[in-house]
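Working notes, structure below.
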Protein chains: 2
Amino acid sequence: MPSRLIVSRELADLFKLLAHPDRLRLVEELGAGEMDVTGLADALDLPATRISQHLALLRAQRLVEERRDGRNHFYRLSNPHLAAWVLDALPFIDIRQRLEDAEHFDSARALWSAREPQSSSSK
Amino acid sequence: MPSRLIVSRELADLFKLLAHPDRLRLVEELGAGEMDVTGLADALDLPATRISQHLALLRAQRLVEERRDGRNHFYRLSNPHLAAWVLDALPFIDIRQRLEDAEHFDSARALWSAREPQSSSSK
DNA sequence: CCCAAGCCTGCAAGAGTTTGCAGGTTTGCA
DNA sequence: TGCAAACCTGCAAACTCTTGCAGGCTTGGG
């Protein structure tokens, strides 16, 4: 029984789904609580259409759940632990090469989690 | 400072690298200790060329390290925790839909970890 | 009833990934 | 020195993913 093959394919699909900067940021944003599409678009500074397309993918694999309230569609993580698990990957990235600001992985985590003022600096 | 953008891109690169069944199996195999290319090719039942190509990608992002001994190239995980972290993703996959054998995530983990006889059953 | 806000889907061009194959390098052994 | 084992790299065809755009649906307010 090639169970390991099946599991590895399923896992690969999950990793594929998360293998996009926008979607990772969505997951982290939703880790803080549910939010509607416009709110997510504002938070990530991306067109709402793109957010919607990413959410459709996350929805298709049941990583997020939808709740409709009037015209707004609110999304939340199906499993709230997902955001923390994603951040657990920080020790594995070779961040030292390209993020000069952060001397340690801990500060990288802090940088991510920090709620920056969403106004002045663009992308 | 768009630190979060940089971190999300780095993380996405990591996820992209792991978003392939063969490479996930390589990581799990190497989680048990170092192995040479032929050994990995036998373990995964794949052509050695393909293994080599996957390893080149993992090496480029420093997820694995190489040690040469004569004609053999032995590979090991740069960070041994990687394999365990990958398995921590099992609760997030919607495995119930497609792996009828496994009733619970725990058994999926067990199925993965189980050392199956590598002989009879093909792929 | 009509409009606009908020969101969704389909599509196609461009970009990126995967894979087998051909050909190369290095090492060990006779 | 010659040969074979064990790997590595480059390439091109096939495939998949991304993204903006055009268009569609539903809801709430006037």
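Lettering of chains follows the sequences in order, A, B, ..., and the numbering in each one begins at 1.
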Query raised in the report: Does a side chain donor of either Asp22(A) or His54(A) reach within less than 3.5 Å of an acceptor in the other side chain?
Result: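 There is such a pair (donor and acceptor under 3.5 Å, judged by atom type) between the side chains of Asp22(A) and His54(A).
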Side chain of [X] only, please: which of [options] is the nearest?
{"X": "Lys16(A)", "options": "dG20(D), dC17(D), dT17(C)", "value": "dC17(D)"}
{"X": "Arg50(B)", "options": "dC8(C), dG20(C), dC21(D)", "value": "dG20(C)"}
{"X": "Arg59(B)", "options": "dC8(D), dT18(D), dC21(D)", "value": "dC8(D)"}
{"X": "Ala56(B)", "options": "dT19(C), dT19(D), dT9(D)", "value": "dT9(D)"}
{"X": "Tyr75(A)", "options": "dA5(C), dG20(C), dC8(C)", "value": "dC8(C)"}
{"X": "Pro47(B)", "options": "dT9(C), dT18(C), dG20(C)", "value": "dG20(C)"}
{"X": "Gln53(B)", "options": "dG20(C), dT19(D), dC8(C)", "value": "dG20(C)"}

Could you give the [atom1]-to-[atom2] distance, from [X] to [N], as a whole number of Å?
{"X": "Leu57(A)", "N": "dC8(C)", "atom1": "CG", "atom2": "P", "result": "12 Å"}
{"X": "Phe74(B)", "N": "dC8(D)", "atom1": "CZ", "atom2": "P", "result": "12 Å"}
{"X": "Asn72(A)", "N": "dT27(D)", "atom1": "CG", "atom2": "C1'", "result": "10 Å"}
{"X": "Arg9(A)", "N": "dT18(C)", "atom1": "CZ", "atom2": "C1'", "result": "15 Å"}
{"X": "Glu66(B)", "N": "dA6(D)", "atom1": "CD", "atom2": "C1'", "result": "12 Å"}
{"X": "Arg68(B)", "N": "dT25(C)", "atom1": "CZ", "atom2": "P", "result": "14 Å"}
{"X": "Leu26(B)", "N": "dT18(C)", "atom1": "CG", "atom2": "C1'", "result": "14 Å"}
{"X": "Arg23(A)", "N": "dC17(D)", "atom1": "CZ", "atom2": "C1'", "result": "8 Å"}

Report task. Using atom types as modelled and distance alone, determine if a side-chain donor or acceptor of Arg67(A) lies under 3.5 Å from a backbone N or O of Tyr75(A). Result ->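 No, Arg67(A) side chain to Tyr75(A) backbone: no donor-acceptor pair under 3.5 Å.
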Query raised in the report: Distance-only, no hydrogens or angles: does the Ser78(B) side chain make a donor-acceptor pair with backbone N or O of Arg62(B) under 3.5 Å?
Result: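 Looks like yes, one N/O pair under 3.5 Å.
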Query raised in the report: Toward the 5' end of DNA chain D, which comes first, Arg71(A) or His54(A), by nearest nucleotide?
Result: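 Here His54(A) is the residue nearer the 5' end.
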Requested in this report: Considering only NZ, NE, NH1 and NH2 on the basic side and carboxylate oxygens on the acidic side, decide whether Glu66(B) and Arg68(B) come within less than 4.0 Å.
Outcome: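 Salt bridge flag = yes for Arg68(B) with Glu66(B).
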Query raised in the report: Which word best sums up how the rings of Phe15(A) and Phe15(B) line up, parallel for under 30°, tilted for 30 to 60°, or perpendicular for over 60°?
Result: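 Plane angle between 30° and 60°, so tilted.
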Query raised in the report: Any side-chain N or O of His73(B) less than 4.0 Å from the OP1 or OP2 oxygen of dA6(D)?
Result: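 Checking dA6(D) against His73(B), no side-chain N or O comes under 4.0 Å of OP1 or OP2.
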Requested in this report: Ignoring backbone atoms, test whether Thr49(B) places a side-chain nitrogen or oxygen under 4.0 Å from the OP1 or OP2 oxygen of dG20(C).
Outcome: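 For Thr49(B), the contact criterion (side-chain N or O under 4.0 Å from OP1 or OP2 of dG20(C)) is not met.
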**Report entry** Strand partner of dG14(C), provided both Watson-Crick or wobble distances fall under 3.5 Å
**Finding:**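 The base-pairing partner of dG14(C), which may sit in any strand shown, is dC17(D).
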